[in-house]
Structures are given as C-alpha cells and as structure tokens.
Undergrad: 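Provided herewith is a single structure, encoded as structure tokens, for subsequent inquiry.
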Amino acid sequence: MRFTDHFEAFPRALLESISPGNPLKRLAKVLGYAAVRLVGNAFKPIRNPEQLRGAVWLYVVSQNNYDSLRFIREHRADAVLLAGQAKQIGRYNQQVNRLSLRRKLLYYWQLPLVLVGLLRTEGRRAWRFFDLIFNAIGYYEVYRRALRHYRPRAVVFANDHNDDARALLLACRREGVPTAYVQHASVSVNFPPLGFDLSLLEGQDALDKYRLCGPVRGQTRLVGMPKADAFVRQRNEQPRVQRVALATNTLDDTAGIEAAVTYLLTAFPALQFTFRAHPSDSRSFQELRTRFPQLAFSDARQESVFEFLQRHDALIAADTSTHLEATLLNLVSLYYRFGQHGVADDYYGYAAHGLVDRAFSLDELGQLLRGYVARKPTDHYRRAAYYCATLGTPDEGRSQQLALRELDAWLAAGA
C-alpha cells in the first residue's frame, strides 16, 4: 500500500508526518526509531498478566481494534488481547498483553538487501519511503518465533493492512496457525486481498470491495457490525435535527475545516455543534476554540464514536466510516469534503450507494441541513442495509452472537 499512487497523493502535511520528504529527516526518524523503540524494547521487561500459550490471540493495533474484538475476550475464557511491545492502543495501553520485539534488532542486517530489491520493483518510491521499510523489518521473523514458542490456537485480527498485522498474518501462514478476521471499519478497494482462513465481514459492501482487491481466501460470513449491537436499539428518533456532529480526519485541510465551521455556526446559530477530530490527529484546532466558544469538542481518545454519535441528530464529515455508524443510529449523515486534496473522493462509496447525501459546496451543505432541520426521517437508518447484513433481519442487534457462533464453530471444527 505504501507504494501506490493513492498513498503518495496524501496531502503534503499528512505525508510529512508519516514519512518526511527530506532524506535527512527520514534518516533522523530512522535513527530515533532505532534508539527509542528498538533499543528501548531490548531493556524493557514484559510481564503479561495472562497466559498466551495455547490461547486464542486477539491481535490489536489501535484503540478501535480493541473495541472491535473485546466481545470475543468477554465470551471466551481462552482468548487474550495482545499487541506489539510498544504499540500505542490509546486508553487501553495497560490492558493488553504484549509480544516482545527485542529480537527485532537482530534482523536489520537485511535492510540493504530489502532496499535494493524494492528499488528494482518499486523504483524511486522505495527510496522515498525507506523509513517505512526500515520500520517493517523484523516483524515477520520475531512473530514467527513467538508463534513457535506460544503455539496459539488461532489468531484473530481486526486490521488487515498495517505492517505488523500483515507480518503476523504471513507468519501464521508459515507456522500453520489458523487466522480469522473481524472487520472493524469500512474497507476500500485499496486494501490488500482478503487472506484469512475465516473472515467475518459487516455486509455485502465489504465483500464486493474485497473481491475487487484480489482473490478472496478462506471462508467469509456476513455478520453485521458487532461493535454496534449495544447501540442500534437506541436509535435517534428526533423528528428534526437540532444537534450536529462535525467529524474530521487527518486528510482534511485545516483551512477547509475552519471555513466550514465558520459557515455553519454563522448560518445556523440555533443549532448545537460538536467538533471531533480523528484520534491520531495532532492538530490542536485552537483557532476554532478561540473564535467559537459555543462550539463543543469531543475527545476521540476518551469518548467512543457511538457515545459521541448518540448525543447528536446529524453528522457532517468527509471520508470516514463514522458515516455508516451514524446512519445505523438513524442520524442524518452528510458528506462534505473539507478542502480539495486529491487522495479520496467518496473513498468508501457512501455517496455513490446512497448511504449519505453529498454537498459539493457550503451553500449545498446548508440547503441539505435546512431540509433535515425541518424534518428528519424516522427510517433513515435503512440506507445502511448494503453495508450491514443484519439490518432488518432477526439478527439485527445480535451481530456479536452471530459472530461468536461462527467463530466458535470454526474453532471447534479444528481451526
């Protein structure tokens, strides 16, 4: 994914935060990573509170992953949540077991060989992103060793495209450890091919997109959205929009965000607006806090997305799977791009498939919002049927039970 046109087209500021454009800064980042992470890991003891040997591993790479897999841990006594040694899991950092990465240092002799090989196949992009290549070195070998040592019964993933998750998946294949995948957010056609022994997907949209990514491996089941079970029966029944959520991500342009907030708070003084940045967004948005004291803020690191959405009647956002979660709760969801970056346009296909209403300008956004201020449909959530297989079925609100039945049967069959 790091060598695609899609990735290289990220806004400059965002790409700079992932991989600096200046080669000297990339080198400094590599040296910093080596000193802080690699050497630091070597001297940091790991004392896991749970037994990893023979367990069902629930591998997480983020706070959202944890939220998506915790129901399995609550159901199965042999399941353990775990992550790489220094991986940041937000508010759950202290609640996950850790896989040692001390030996990762031993495999960096491979870097010149890997870099030369990728220069041949990927050209200049291998040099442009050599810091990301450096970061990925060693995961595969370390995880193969961990699998041989602990011999887990199976590994369940909620992420299929991060470098460490991909390394563990490939290591599982090599060591003969069964793998399962629980979709934790909407997917795109830029993802790797689906490569697990069992994949529990939310709906037809996900399966259709994965088929475009490449051959689909293993069994697939459509189980709806397990993490939404506790909320879908508490749908928003307000007859008109009064409270509006504004959700942004790291791709969204700061100036575009400020322009939209200025327009909305000026044009709709009677509405309540809450701003929520993506949990990985390092921007402070102090300008918005200063100019608009009436604008509320939600901390994505502390408040779950469903808790946030429950306090609102509508959502305005660009490319984020929060649109789907909002629609499931019967919020009106409006797609508006904060800026004109070239990375994604209707990235998840929400506008194309009618999940959301799209506005191409602030005036259009205002017109759409005014319509829903006058009247909000009670059955707006039905738009999400293509994305959530259990919607409108006897299993609606029981996706966790459905997923657990599939997972238990798969494990019992000898996974």
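Heavy-atom basis, side chains included; hydrogens, waters and symmetry copies ignored. Quick caveat, the model's predicted, so the values are computed rather than measured.
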Undergrad: Any chance the side chains of Q242 and Q272 put a donor and an acceptor closer than 3.5 Å?
TA: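 Note: Q242 and Q272 side chains miss the donor-acceptor criterion.
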Undergrad: Parallel under 30°, tilted from 30 to 60°, perpendicular over 60°: which one fits the rings of H353 and Y387?
TA: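 If you compare the ring of H353 with that of Y387, the planes turn out perpendicular.
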Undergrad: Parallel, tilted or perpendicular: which fits the ring planes of F191 and H161, with parallel below 30° and perpendicular above 60°?
TA: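 Aromatic pair F191/H161 classed tilted.
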Undergrad: Taking all atoms of both residues into account, what is the closest heavy-atom pair of N97 and E50, and its distance?
TA: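 Residues N97 and E50, closest heavy atoms: ND2-OE1, 2.8 Å.
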Undergrad: What are the two closest heavy atoms between F130 and P23, and how far apart are they?
TA: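 Nearest pair, atom of F130 first, then P23: CZ-O, 4.0 Å.
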Undergrad: Could you pull out the closest heavy-atom pair between H184 and N64, with the gap in Å?
TA: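 In this case the closest contact between H184 and N64 is CD2-CB, 3.9 Å.
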Undergrad: Can you give me the closest heavy-atom contact between A55 and D78, atom names plus distance?
TA: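 Shortest heavy-atom separation between A55 and D78 comes out as CB-O, 3.2 Å.
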Undergrad: Side chain of D346, backbone of Y350: donor and acceptor closer than 3.5 Å?
TA: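 Indeed, once roles are kept as given, a pair shorter than 3.5 Å links the two residues.
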Undergrad: Report yes or no: is the cationic atom of R217 (NZ for Lys, CZ for Arg) closer than 6.0 Å to the six-membered ring centre of F196, at no more than 45° off its axis?
TA: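 Judged by the rule (NZ or CZ under 6.0 Å from the ring centre, within 45° of its axis), R217 is not positioned above F196.
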Undergrad: Applying ring pair (Phe, Tyr, Trp, His ring centres under 6.0 Å) between F297 and each of F285, F273, F275, F308, report the one that passes.
TA: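 Passing option: F275.
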Undergrad: Check for a donor-acceptor pair, side chain of D197 on one end and backbone N or O of A180 on the other, with a separation under 3.5 Å.
TA: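 No, the answer is negative, given that no donor and acceptor are paired below the 3.5 Å cut-off.
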Undergrad: For the CZ atom on R174, are there more than 12 heavy atoms of other groups (residues, nucleotides or ligands in this structure) within a distance under 6.0 Å?
TA: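 It does not: R174 CZ has 12 such atoms or fewer within range.
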Undergrad: Looking only at non-hydrogen atoms, find the nearest pair between Q85 and R98 and report the distance.
TA: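 Answer, listing the atom of Q85 first, then R98: O-CD, 3.5 Å.
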Undergrad: Do Y139 and Y107 have ring centres separated by under 6.0 Å?
TA: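 No, ring centres 6.0 Å or more apart.
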Undergrad: Just by distance, no angles: are the side chains of Y210 and S199 close enough, under 3.5 Å, to form a donor-acceptor pair?
TA: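 Their side chains do not contain a donor-acceptor pair, so the 3.5 Å distance test is not met.
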Undergrad: Nearest 0.5 Å please: distance from the SG atom of C388 over to the CZ atom of R382.
TA: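 Taking SG in C388 and CZ in R382, the distance rounds to 12.5 Å.
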Undergrad: Ignoring hydrogens and angles, tell me if any N or O in the side chain of R240 forms a donor-acceptor pair with the backbone of V373 under 3.5 Å.
TA: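 Flag set: sc R240 to bb V373 pair under 3.5 Å.
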Undergrad: OG/S333 to CG/L328 distance, rounded to the nearest 0.5 angstrom?
TA: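 Taking OG in S333 and CG in L328, the distance rounds to 10.5 Å.
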Undergrad: Looking at OG of S19 and CD of E16, how far apart are the two atoms once the value is rounded to the nearest 0.5 Å?
TA: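 The OG atom of S19 sits 8.0 Å away from the CD atom of E16.
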Undergrad: Does G256 offer a backbone N or O that forms a donor-acceptor pair with the side chain of D253 under 3.5 Å?
TA: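 The answer is yes, because a donor-acceptor pair under 3.5 Å joins these two groups.
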Undergrad: Between the side chains of E396 and T390, is a donor N or O closer than 3.5 angstrom to an acceptor N or O?
TA: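 Distance-only check fails for E396 and T390.
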Undergrad: How far apart are the closest heavy atoms of A326 and L315, and which atoms are they?
TA: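 Heavy atoms only, the tightest pair is CB-CD2, 3.8 Å.
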Undergrad: Is there a donor-acceptor contact under 3.5 Å linking the side chains of N65 and S68?
TA: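 No, no side-chain donor-acceptor contact under 3.5 Å.
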Undergrad: For the CG atom of L168 and the CZ atom of R173, what is their distance to the nearest 0.5 Å?
TA: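 The CZ atom of R173 is 11.5 Å from CG of L168, to the nearest 0.5 Å.
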Undergrad: So, taking the atom named CD1 in I18 and the one named CG in D131, what distance separates them when rounded to the nearest 0.5 Å?
TA: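 Here the rounded value is 10.0 Å.
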Undergrad: Assess the side chains of N93 and K87: does a donor N or O sit below 3.5 Å from an acceptor N or O?
TA: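 No, no side-chain donor-acceptor contact under 3.5 Å.
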Undergrad: Can the ring centres of F157 and Y181 be said to be less than 6.0 Å apart?
TA: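 When the ring centroids of F157 and Y181 are compared, they turn out to be at least 6.0 Å apart.
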Undergrad: Would you call the rings of Y33 and F134 parallel, tilted or perpendicular, where under 30° means parallel and over 60° means perpendicular?
TA: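 Ring orientation, 0 to 90° scale: perpendicular.
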Undergrad: So, D229 side chain and Q400 main chain: donor-acceptor pair closer than 3.5 Å or not?
TA: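 Checked: pair present.
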Undergrad: Between the side chains of Y59 and Y143, does any donor sit under 3.5 Å from an acceptor?
TA: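 Yes, side-chain donor-acceptor contact under 3.5 Å.
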